[in-house]
Amino acid sequence: MRSTASVLHLDLDAFFAAVEQRDKPSLRGKPVIVGGTGGRGVVATASYEARTFGVGSAMSGREARARCPHAAFLSGRFHAYRETSAWVMEVLRELSPLVEPLSLDEAFVDLAAADLPDLEVSTVTAAGERLRQRVHEVTGGLTATVGIASSKFLAKVASELDKPDGMTVVPPGTELTLLRPMKVTVIPGVGPATAERLRRAGIHTIAELEAVEEDELVRLLGQAQGHGLWQLARARDPRPVLAERETKSISVEGTYDTDLNDRRVMEGLLARQARDVGARMRKNGFSGRTVTIKVRLHDFTTLNRSSTLSSPTDDGTTIARIARSLLADLDTTGGVRLLGVGVSGLADWVQEDLFGSTPEEDEAEEVRLLEPPRRTWPPGADVVHDEMGQGWVWGSGSGVVTVRFETAETPPGPVRSFRDDDPALRRLEPPAED
DNA sequence: TCTGGGGTCCTAGGACCC
DNA sequence: TCTGGGGTCCTAGGACCC
């Protein structure tokens, strides 16, 4: 927690629905519901007019229709949402270079990195109001709600307090006074299951949470969550605003209007999803080693099965083959409502290739390649060499083999890509372990 | 005929290694 | 013929977020 209110959280109000109302004037002032259109869909966003009827996010489309039959139900135009979101993020970056998007409609901004004369409450308040005005102009009339406080946690809590089209600044030193009367469910990370556990322990408010010993919370909720909540109950939150977040997995899934019973149909759908995952990976420069399938049965029980390859892939056919073999081990009697495929354990080498390399880096790589090879290799590695030295196959896919060259001085060493039929690549016997 | 899609993080057990 | 403990990797499931 900082001594100044310098973390800003911005939340675009009813974002998807607001974009629809902006682009289609006939929808303005009327209940608009994005999502929930399919047989098993749920509501992604309800406009404030629709919320009046008790419609909210994650509600089934069936129930939303029952509560608000005259609403406009739309399936969503994600290109428009992405475009408008990008405009907003640009506006935030004009204020501070340190912007952490959380989703299309939410972000943290670090005001300590902004070009402001100071971080007094009056100064950050004025900056927040200017920001809301700029967002309104740039998006063609969308409104945003802002919270400003001394940590991510407090800024996010603050932005919930004056929705829509409002702002709350928490003066430093007043955090606990604000938090203590609130329910524990305002804490991000306390969902229905955690709230129920806390309720059974007689804990409803943050003041009650604050009174519990740390050991007791860890016993109740586990190490990470117990310790985390103990800290948050004291308004302690040292998490920095981070502009870059690493992608950990890429997946595609689908829920079908009627349950699937034919295994060949399931295999076909998995294969298509696997191709889509592979295409997205190549487009974004990722490859990964762990392929996971997700299967939701008719009764909503959800199964995951995964398999880890010895080297990363971005190839849809490879992903599909593994997905099919993982499905083969599952009993899908009774029907399947959802199928999904994902890849995790992402390697970073293709990403690095996207940025290219500088002459200095190239020269450094040449130097490393001339150094004597390291004589240990990962178990089962495919050891190869070219005229420059020895390495081991780190990744393959799309007709390309990636080789990591290791030296004693600089593990992990440089990475080179070859076509997999490149005659310069010769396979070697792995050297004996020493 | 209640319960989306795309993610992140945590836990827990077993294998394996030192 | 008895057996500790730590670390890492892998797998499965669950909670949570927008």
Side-chain angles (χ1 to χ4, degrees), chain A residues 9-16 33-46 56-67 75-76 78 81-82 85 100-108 152-153 156 159-160 185-198 218 221-229 239 242 245-259 273 276-277 280 284 289-310 326 329-330 335 337-346 378-380 433:
Chain A
H9 180 256
L10 177 132
D11 200 332
L12 294 160
D13 301 317
F15 179 51
F16 298 168
I33 293 167
V34 178
T37 51
R40 286 170 163 174
V42 300
V43 174
T45 310
S57 292
M59 180 179 286
S60 73
R62 162 169 307 277
E63 185 170 355
R65 223 175 298 273
R67 293 189 184 214
S75 58
F78 281 83
Y81 309 152
R82 266 192 286 275
S85 176
E100 179 175 331
L102 298 177
S103 62
L104 289 180
D105 66 344
E106 262 187 59
F108 286 114
K152 283 183 165 181
F153 170 42
K156 182 145 169 75
S159 71
E160 294 292 318
T185 49
V186 305
I187 301 173
V190 176
T194 307
E196 175 60 16
R197 282 189 180 183
L198 292 174
V218 168
L221 304 173
Q223 179 57 47
Q225 208 182 11
H227 176 71
L229 283 192
R239 294 172 298 166
L242 298 174
R245 291 234 267 169
E246 205 179 348
T247 301
K248 301 280 173 63
S249 66
I250 293 176
S251 65
V252 170
E253 66 183 55
T255 294
Y256 306 100
D257 279 347
T258 55
D259 290 349
Q273 291 174 332
D276 292 346
V277 168
R280 269 176 56 200
N284 294 291
R289 289 176 56 224
T290 303
V291 176
T292 303
I293 65 165
K294 177 171 167 181
V295 177
R296 181 118 76 206
L297 305 177
H298 65 289
D299 65 355
F300 220 73
T301 55
T302 305
L303 309 172
N304 296 285
R305 291 294 180 273
S306 67
S307 174
T308 298
L309 303 162
S310 59
L326 290 169
D329 292 336
L330 292 179
R337 60 180 288 140
L338 172 147
L339 283 175
V341 180
V343 177
S344 59
L346 302 185
E433 293 274 338

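Throughout, a chain's letter reflects where its sequence line sits, starting with A, and its residues are numbered from 1.
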What does [X] touch in the nucleic acid at a heavy-atom separation under 4.0 angstrom: a base, only the sugar-phosphate, or nothing?
X: Val252(A); result: sugar-phosphate
X: Leu104(A); result: nothing
X: Gly38(A); result: nothing
X: Glu106(A); result: sugar-phosphate
X: Leu303(A); result: sugar-phosphate
X: Arg337(A); result: base
X: Lys156(A); result: sugar-phosphate
X: Gln223(A); result: sugar-phosphate
X: Gly35(A); result: nothing
X: Ser307(A); result: sugar-phosphate
X: Arg197(A); result: nothing
X: Thr45(A); result: nothing
X: Gly340(A); result: nothing

(message) For the C1' atoms, the ones on dT3(C) and on dC17(B), what distance do you get once it is rounded to whole angstrom?
(response)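 Result for the C1' pair: 16 Å, nearest Å.
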(request) For dG4(B) and dA15(C), measure between their P atoms and round to the nearest Å. (result)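 Pairwise P distance, dG4(B) against dA15(C), rounds to 16 Å.
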(message) Closest approach to the side chain of Ser306(A), judged atom by atom: which nucleotide of dA12(C), dG7(B), dC18(C) is it?
(response)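 Comparing dA12(C), dG7(B), dC18(C) against the side chain of Ser306(A), the answer is dA12(C).
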(message) Taking pairing as Watson-Crick or G-U wobble with both contacts under 3.5 Å, can you name the mate of dC18(C), or confirm there isn't one?
(response) dG5(B)
(message) Using Watson-Crick or G-U wobble geometry with both distances under 3.5 Å, which nucleotide pairs with dG13(C)?
(response) dC10(B)
(message) Looking at dG4(B), I'd like to know if its phosphate oxygens (OP1 or OP2) sit under 4.0 Å from a side-chain N or O belonging to Arg296(A).
(response)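 Indeed, a polar side-chain atom of Arg296(A) lies that close.
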(request) Please determine which of Glu100(A), Lys152(A), Glu106(A) meets the side chain to side chain donor-acceptor pair (under 3.5 Å) test together with His9(A). (result) Glu106(A)
(request) Locate the shortest heavy-atom distance separating Phe16(A) from Tyr81(A); write the atom from each residue and the value. (result)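 Taking every non-hydrogen atom into account, CD2-CD1, 3.5 Å.
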(message) Looking at Arg40(A) and Asp259(A), is any side-chain nitrogen of the basic one under 4.0 Å from a carboxylate oxygen of the acidic one?
(response) yes
(message) Nearest 0.5 angstrom please: Ser85(A) OG to Phe78(A) CZ, how far?
(response) 12.0 Å
